[in-house]
Amino acid sequence: MRSLIDILELSVDEIEELISTANDIIANPAKYSEKCRGKKLATLFFEPSTRTRLSFEAAMYELGGNVLGFSEAQSSSASKGESVADTVKVVSCYADIIAMRHPKEGAPLVASLNATVPVINAGDGGHFHPTQTLADLLTIQREKGGFNNLTVGFCGDLKFGRTVHSLINALSRYKGLKVVLISPEELKLPSYVKSEVLKPAGIEYVQTTSLEDVMPELDILYMTRVQRERFFNEEDYLRLKDSYILTPDKLINAKPDLSIMHPLPRVNEISVEIDRDPRACYFKQVLNGKYIRMALILKLLKEAGSID
Ligand code: CP
């Protein structure tokens, strides 16, 4: 049974196929409106979400299917001590596909080993968020026309930001990538991402604390929120939370075709004035997230033999 836990489980060709399907859904939505008639998606969210859960649900409805699930652990039998393994064995009796978010790294993998339907990782702790990465890739493809020869700046909480880890993994497979890592010392990209992804792929990368210094060279600026929920100490969070705030004056030396991305939710790290800048792509990412999740649901249900 094919699930999606880590973006690297998808080949470059499969990502191309998903992007092509998503672009076709955008161009011809009516063609897809009955593809999942009679099928059910279960959204099992043990951690808060707005975009991921609602875009999965909107995606399934737009494919003609139905949705069931819960949006907090407290309203499920996890609050009585039921394991993730048992939860998905039960939900497999009711649904054809599962999207799961969980605060513990590896929980969706455990789910995929116990479910009898496909499981999609909708974010596990500070680990991975493959469908956000698919939304990011669709956005980059639509804004930049492809993935080769890009200089991508990741700014903010690179330690806990699971969307950063997944996107670096995904982009590492394309030619000419240059990565610029902009963060406070305490929130640097984990060493394992550098030693297991960037270095083996021979990807050029620099680490800096200054966004202004590197702004002129960036094709994409991927801003991130400082992840309060992953800090052990509130004082550290308060000290670091406003390390980077993107305001119009900081863009003076940016490329005219820079793409400003952010997985959202944002707190303070992008001023609302930037929303009017044509280079702001973060609300496009939100919409693209629905289309790429439609493409993914179709692919996994087809491979499971649930739909034609
Ligand atoms: N980008 C993202 O995962 O947003 P939510 O936490 O609202 O799902």
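Whatever order the structure lists them in is the order used to number ligands and atoms, beginning at 1. Quick caveat: nothing in here was measured; it's all calculated off a predicted structure.
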Note: Lys255-Glu217 ion pair, threshold 4.0 Å (strictly below) = no
Considering the heavy atoms of Thr52, write down every atom of ligand 1 situated less than 4.0 Å from one of them.
-> 2 (C), 3 (O), 4 (O), 5 (P), 8 (O)
Backbone or side chain, does any N or O of Pro48 fall under 3.5 Å from an N or O of ligand 1?
-> no
Would you mind running through ligand 1 and noting each atom that sits below 4.0 Å from a heavy atom of Pro263?
-> 1 (N)
Min N/O separation Ser49 to ligand 1 under 3.5 Å | yes
Should the pair Tyr282 and His262 be assigned to parallel (<30°), tilted (30 to 60°) or perpendicular (>60°) ring geometry?
-> perpendicular
Backbone, side chain, both or neither: what part of Thr163 comes under 4.0 angstrom of ligand 1, heavy atoms only?
-> neither
Do NZ/NE/NH1/NH2 and the carboxylate oxygens of Arg266 and Glu269 come within less than 4.0 Å?
-> no
For Gln132, the ligand 1 atoms with a heavy-atom partner under 4.0 Å come out as 1 (N), 2 (C)
Would you say Asn114's side chain and Lys89's backbone share a donor-acceptor pair under 3.5 angstrom?
-> no
For Thr50, the atoms of ligand 1 under 4.0 Å from one of its heavy atoms are 5 (P), 7 (O), 8 (O)
Backbone or side chain, does any N or O of Pro265 fall under 3.5 Å from an N or O of ligand 1?
-> no
Do we see a donor-acceptor contact under 3.5 Å between the side chains of Asn66 and Tyr61?
-> no
Compare Arg51, Glu47, Arg101 and give the one whose heavy atom is closest to atom 6 (O) of ligand 1.
-> Arg101
Quick one: sort the His102 and Phe46 rings into parallel, tilted or perpendicular, breaks at 30° and 60°.
-> tilted
Gly106 to Asp124 - nearest heavy-atom pair and separation = N-OD2, 2.9 Å
